[in-house]
Amino acid sequence: MPANAYLRSKFRHSFMEYNFRAIEDKWRRRWEEDKTFKAADTSDKPKFYVLDMFPYPSGAGLHVGHPLGYIASDIISRYKRLQGFNVLHPMGFDAFGLPAEQYAISTGKHPAVTTKENSERYISQLKNIGFSFDWDRMISTSDPEYYRWTQWIFLKLFGSWYDTELQQARPIDELEVLFENDGSEGISAFHDEHETFSGEDWQQMHETQRSEMLMKYRLAYQSHAYVNWCEALGTVLANDEVKDGLSERGGHPVERRRMRQWFLRITAYAERLLNDLNELDWTDSLKEMQRNWIGKSTGASVHFALENGETLEVFTTRPDTIFGVTFMVLAPESEWVQKLTTDAQKEEVEKYVNWAKNRSERERQTEVKTVTGAFTGSYTIHPFTGNKIPIWTGDYVLAGYGTGAVMAVPAHDARDFRFAKHFGLEIPRVIAGADGDSSPLTDEAYEAKDGKVIHSDFLDGLDVKDAITRAVEEIEARGLGARRENFRLRDANFSRQRYWGEPFPIYYRNGVPTAVPEESLPLQLPEMDDFKPTGRPESPLAKLTDWTYDGYPLETDTMPGFAGSSWYFLRYMDPHNSNRFADNEALKYWKDVDLYVGGTEHAVGHLLYSRFWHKVLFDYGLVPTNEPFRKLVNQGMIQGRSNFVYRINGTDTFVSHGLKDQHETTALHVDVNIVSNDELDTEAFKAWRPEYAQAEFILEDGKYICGVEIEKMSKSKHNVVNPDKVVEDFGADTLRLYEMFLGPLEQSKPWNTNGIEGTHRFLRKLWNLYHNGDSFQVTEEEATPAERKTLHTLIKKIGEDVERFSFNTCVSSFMICVNELGEQKCSKREILEPLAVLLSPFAPHLAEEIWQKLGHENSISYAALPAFNPAFLVESSFNYPVSFNGKTRYQAELPADMSAAEVEAAILADERTERWKEGKEVRKVIVVPKRIVNIVLG
RNA sequence: GCCCGGGUGGCGGAAUUGGUAGACGCAUCGGACUCAAAAUCCGACGGUAGCGAUACUGUGCGGGUUCGAGUCCCGCCCCGGGUACCA
């Protein structure tokens with residue numbers, strides 16, 4: 001291995017080697033002892049809050065991909081300190097939740113134990129890389145002193161309703177006063193459907209009835225609803241935890257089940273969550289993901305009269321096609337299905353509904369194109385034509401969106417078209433194509449919002465866009481409905497039937513869900529030896545007989561993983577406060593996160609929930625900003641780079657990659673740690689696994705070359721590279737630099753240890769600039785113009801590139817600078833001292849060591865960033881590329897301050913121009929000063 | 001299907017507002033030092049032709065705008081991510 005080579009070389013050379021192990025050890029210890037990166041609670045300096053998405057401490061420890069974002073944010077943190085900011089850069093652990101619990105179960109240990117062990121391992125790995133975290137602010141979401149405030153915020157949500165007129169959360173007792181006085185009518189509140197009641201009605205209600213009514217308004221509420229039940233995990237899951245009908249964690253099947261659950265009324269904030277995205281400095285793609293998840297669509301609600309006098313409400317985005325409605329479809333789960341099914345159709349409909357309800361989420365999604373449904377036997381009356389419209393049920397209509405019923409326009413909606421075609425229903429065309437085509441639609445629906453309306457009474461001749469407006473006007477004028485907005489976003493399922501989460505501070509007093517008083521928080525998670533899922537849809541806490549408060553039973557569900565992570569960034573501002581989730585002064589000083597770095601996997605989960613919680617706190621004046629994360633940068637994923645060996649089938653012989661096609665072979669993953677530049681260390685391979693001890697090899701050019709594939713980094717693929725190993729072999733500074741050098745931060749890229757020696761070599765070259773033979777040597781001589789130019793080119797470049805998070809080009813610039821200074825044999829303080837400061841955010845250990853040798857007593861972390869002086873970059877001449885018809889032919893060195901006309905004259909007078917003209921005429925000369933000359937020949 | 005990214009040497013990537021494509025690094029090859037190896041240093045390194053100066057060609061494909069296109073416009077192909085009966 002290269003590390004051994006370096007070690008060997010160290011003993012051979014007599015001069016001062018770059019001994020990264022000693023240097024890094026020394027500074028790790030110093031920073032810890034001196035608390036170098038402790039953020040001041042109050043300061044005259046401007047604040048800067050740099051946050052990483054905190055990890056859940058998994059049993060596998062950190063691999064080399066995890067620190068990528070942390071290195072980037074650490075560079076920014078250190079850079080901002082150099083710029084004079086008071087920087088808050090904390091780290092902690094997302095310790096509650098499913099992953100931690102699954103890991104505990106698989107190892108047979110208690111999650112409290114595994115979480116502690118894993119966190120400690122993470123801390124040591126993180127400290128090894130030299131991050132400038134303020135470790136005194138470390139938090140863990142499973143710490144009772146932390147989740148006490150998670151519970152407290154939950155109670156805030158439980159004790160709130162949303163005023164749609166004031167557009168903010170308000171205390172629930174204010175709603176009770178309104179109910180008491182005037183009943184439910186005229187209150188502008190976001191709530192579930194219910195029948196209106198008067199003030200007198202309210203006064204006569206029982207406690208239970210009142211509680212149930214308030215549940216329809218609370219921001220944290222209980223409800224019976226269809227939820228994602230995952231049998232294998234023994235819990236329900238939120239929508240963002242389910243992918244393709246399988247649990248995101250573990251890939252287990254998920255079924256739809258009606259259960260009583262806690263929910264968060266995030267839908268009340270849909271509009272604000274959507275609008276406020278505009279003011280955030282996030283990537284467009286991330287904002288777009290949130291917009292799509294929120295899914296706002298504009299249209300109309302329309303009431304269709306039923307024969308029994310009731311009305312059926314539907315939501316449509318295409319009211320312009322209302323004359324094309326030939327049938328209605330209800331979701332199988334809709335309450336209307338039962339009510340509207342006639343005796344004659346009863347058997348068929350019941351059979352269908354039962355079948356549809358028992359389909360798994362996965363079946364529903366994989367068989368999207370299969371058309372199923374049943375006729376209820378009832379009809380509705382078309383509000384404009386008076387026609388009888390048959391009512392069907394079909395599972396392509398979702399119960400949870402809109403009203404769970406649609407007006408079907410088969411000619412202009414692909415799903416309705418398929419349904420009509422399958423059941424032989426009419427498909428009348430009401431929108432002509434853009435080319436005026438009004439022929440019947442036989443193959444597919446015409447969904448484009450383009451063309452003119454036909455066969456539609458008062459809408460005839462209008463363009464689609466105008467017809468939508470006109471149709472809504474008419475619907476409103478006739479009292480048939482109204483313009484309406486609809487959101488795809490659903491309320492967040494907040495219950496988990498698991499052990500390892502925050503207990504709900506809720507107890508059931510005579511069956512009425514009641515808040516545990518604030519003074520009794522934290523409501524501690526009870527110690528349990530048997531914390532495994534029960535296998536029934538209830539939490540392990542239900543096994544306890546003494547899980548009570550004040551003699552009443554406590555809620556047995558626990559909160560989901562995203563509870564603790566929805567506000568942790570606030571706790572860092574004041575992590576040890578025992579009176580409040582964070583002190584008001586601290587909140588006012590730190591305000592919000594200036595830079596948040598993390599992966600896109602949290603685009604719609606964590607980032608949406610956090611924004612929601614933050615807005616509720618903002619409504620109560622508990623936080624000073626309405627958004628928590630001003631700027632957000634997504635780092636790409638580091639993929640694994642797997643190596644393969646090829647075993648000749650039925651033998652113990654392995655053939656090198658280039659020769660494998662001459663044999664029948666099986667490709668096997670081999671540990672990337674015993675492969676260097678794709679060459680296998682065959683002795684290490686024999687020692688790797690007992691079954692390979694007798695292995696024989698067919699080599700090419702005396703080497704065994706491995707195959708390569710880019711895959712996910714995972715243990716089973718033997719492509720995991722541990723940062724500890726890289727730090728041991730090359731040092732933390734090399735690791736930091738190399739991770740940045742790999743490519744643009746936001747891009748996904750494979751980890752390949754091969755190139756790391758380049759960055760290590762760079763650090764040694766840099767180290768040698770400050771040393772001569774075996775002694776540190778930096779002179780006080782005045783720098784030359786060339787040396788100053790080299791330095792200030794770097795200062796300018798680093799300033800620009802850090803600003804745009806282009807750290808890979810920063811590293812290149814350092815390399816160029818060091819190469820040039822090496823050629824210049826520069827050892828002058830005037831140049832080398834600023835260079836050390838510039839480098840310190842990237843390679844902090846090395847920079848500190850040099851800084852100390854330069855005679856400074858304080859940490860380089862609080863030095864001042866060198867100022868850029870453009871005067872040093874002024875050039876007296878410019879080497880013009882001269883091109884003819886766009887092809888560069890020769891270079892001409894001309895004074896830099898020459899005007900365009902002078903340049904033109906000089907070039908035309910150049911003898912080389914004559915040669916390249918090839919006798920043709922000069923039609924035009926383009927001169928861009930200090931860039932290019934192009935001569936157009938005719 | 002829809003919405004976002006992206007496609008540049010053997011490899012990772014650079015080219016920030018249209019102005020010398022391939023910076024920087026890895027790998028490879030050649031040389032110096034060495035008994036030898038490692039380390040270090042020097043040099044070559046997109047493709048084709050040529051001893052060579054050099055010429056032609058070249059940023060996924062096809063067209064266009066421009067004095068000039070990796071960069072802008074139109075139409076495709078491929079890869080990655082998100083989302084999916086959302087009416």
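Protein chains get the first letters and strands the later ones, always in sequence-line order, with residue 1 at the start of each.
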Donor-acceptor pairs under 3.5 Å, side chain of residues 324-334 of chain A to any protein atom, not counting sequence neighbours: which ones?
| residue | atom | partner | partner atom | Å |
| --- | --- | --- | --- | --- |
| A:Thr326 | OG1 | A:Glu426 | O | 3.2 |
| A:Glu333 | OE2 | A:Arg256 | NH2 | 2.3 |
| A:Ser334 | OG | A:Trp336 | N | 3.1 |

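- Using cut-offs of 30° and 60° for the angle between ring planes, the A:His606 and A:His602 rings count as perpendicular.
- With distances taken from any side-chain atom of A:Arg764 to the nucleotides B:C3, B:A14, B:A39, the minimum falls on B:A39.
- Nucleotides B:C29 and B:G9 place their C1' atoms 16 Å apart, quoted to the nearest Å.
- In this pair, A:Tyr401 and A:Phe315 present their aromatic rings perpendicular. The plane angle is above 60°, beyond the 30 to 60° band.
- In this structure, A:Val675 and A:Asn643 approach most closely via the heavy-atom pair CG1-OD1, 3.5 Å.
- Spacing of P atoms, B:A27 relative to B:G82, comes out at 34 Å, to the nearest Å.
- A:Val406 comes within contact range of at least one nucleobase, with a heavy-atom separation under 4.0 Å.
- One atom, CG of A:Leu745, and another, P of B:G13, lie 13 Å apart when rounded to the nearest Å.
- Checked by atom type and distance alone, the side chain of A:Tyr396 never pairs as donor or acceptor with a backbone atom of A:Arg418 at under 3.5 Å.
- The distance between atom CG of A:Leu608 and atom P of B:U83, rounded to the nearest whole Å, is 13 Å.
- Residue A:Pro750 is out of contact with every strand shown, counting any heavy-atom pair closer than 4.0 Å.
- The same atom, P, is picked in B:U66 and in B:U16; the two are 24 Å apart, to the nearest Å.
- Ring pair A:Phe304/A:His382 is perpendicular by interplanar angle, where above 60° counts as perpendicular and below 30° as parallel.
- A:Trp916 and A:Phe884 have tilted rings, their planes meeting at an angle from 30° to 60° on a 0 to 90° scale.
- Comparing A:Thr317 and A:Leu286 by the nucleotide of RNA chain B that holds the closest heavy atom to each, the one mapping nearer the 5' end is A:Leu286.
- Between the side chains of A:Ser806 and A:Thr809, at least one donor N or O sits under 3.5 Å from an acceptor N or O.
- For the P atom pair drawn from B:C11 and B:U28, the interatomic distance equals 15 Å after rounding to whole Å.
- A:Asn239 places its CG atom 11 Å from the P atom of B:U83, with the value rounded to the nearest Å.
- Aromatic ring centres of A:His760 and A:Tyr738: separated by at least 6.0 Å.
- Glycosidic torsion of B:G75 falls outside 90° of 0, placing the base in anti.
- Listed by residue number, the members of residues 411-418 of chain A with any heavy atom below 4.0 angstrom from RNA chain B are A:Arg415, A:Arg418.
- Between A:Leu742 atom CG and B:A14 atom P the separation is 11 Å, expressed in whole Å.
- Remark: C1' of B:C56 and CG of A:Asn885 are 16 Å apart, rounded to the nearest angstrom.
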Going through the checks in order, is the side-chain contact (heavy atoms from CB on, under 4.5 Å) test met by A:Lys749 and A:Ile638? CA-CA 5 Å; A:Lys749 58 233 158 193; A:Ile638 296 270; 4.2 Å; yes
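- In this structure, the NE2 atom of A:His422 is 19 Å from the P atom of B:C85, given to the nearest Å.
- Across the protein-nucleic acid pair, A:Glu447 atom CD and B:A84 atom P stand 18 Å apart, rounded to whole Å.
- Of the possible donor and acceptor atoms, one in the side chain of A:Arg912 sits under 3.5 Å from a partner among the backbone N and O of A:Gln891.
- Checking A:Asn934 against A:Ser883 by side-chain atom types alone, a donor-acceptor pair falls below 3.5 Å.
- Phosphate contact (OP1/OP2 of B:G12, side-chain N/O of A:Gln747, threshold under 4.0 Å): absent.
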Kindly determine whether A:Ile431 and A:Arg318 satisfy side-chain contact (heavy atoms from CB on, under 4.5 Å), including the steps that lead there. CA-CA 11 Å; A:Ile431 309 284; A:Arg318 293 294 301 272; 4.1 Å; yes
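- Annotation: B:G22 and B:A55 have their P atoms spaced 16 Å apart (nearest Å).
- Put simply, A:Arg488 has no side-chain N or O that comes within less than 4.0 Å of OP1 or OP2 on B:U83.
- Counting distance only, with no hydrogens placed and no angle test, the side-chain atoms of A:Arg490 and the base atoms of B:C86 include a donor-acceptor pair under 3.5 Å.
- Taking the C1' atom of each, B:G13 and B:C24 are spaced 9 Å apart, rounded to whole Å.
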Once base and sugar-phosphate atoms are separated, protein heavy atoms under 4.0 Å mark nucleotides 16-33 of chain B, 5' to 3', with B, S and - as B--BB--BBSSS------
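- Atom C1' of B:C56 sits at a distance of 12 Å from the matching atom of B:G50, rounded to the whole Å.
- A:Phe327 has its CZ atom 11 Å from the C1' atom of B:A87, to the nearest Å.
- Closest of all the heavy-atom pairs between A:Ser813 and A:Asp801 is OG-OD2, 4.4 Å.
- Below 30°, between 30° and 60°, or above 60°: for A:His771 and A:Trp767 the angle between ring planes is below 30°, a parallel geometry.
- Consecutive pairing runs in RNA chain B reach the stem threshold at B:1-7 with B:77-83, B:10-12 with B:24-26, B:28-32 with B:40-44, B:46-49 with B:54-57, B:60-64 with B:72-76, where a stem means at least three Watson-Crick or G-U wobble pairs with distances under 3.5 Å.
- By the side-chain hydrogen bond (donor to acceptor under 3.5 Å, both in side chains) test, A:Asp733 is found to be paired with A:His845, residues two or more places apart in sequence or in another chain being considered.
- Here A:Trp282 lies out of heavy-atom contact (under 4.0 Å) with every strand.
- Proximity of A:Lys924 to the phosphate of B:C67: a side-chain N or O atom is located under 4.0 Å from OP1 or OP2.
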Contact state string [nucleotides 70-82 of chain B, B base, S sugar-phosphate only, - no protein heavy atom under 4.0 Å]: ------------S
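- Distance noted for atom P between B:A14 and B:G31: 34 Å (whole Å).
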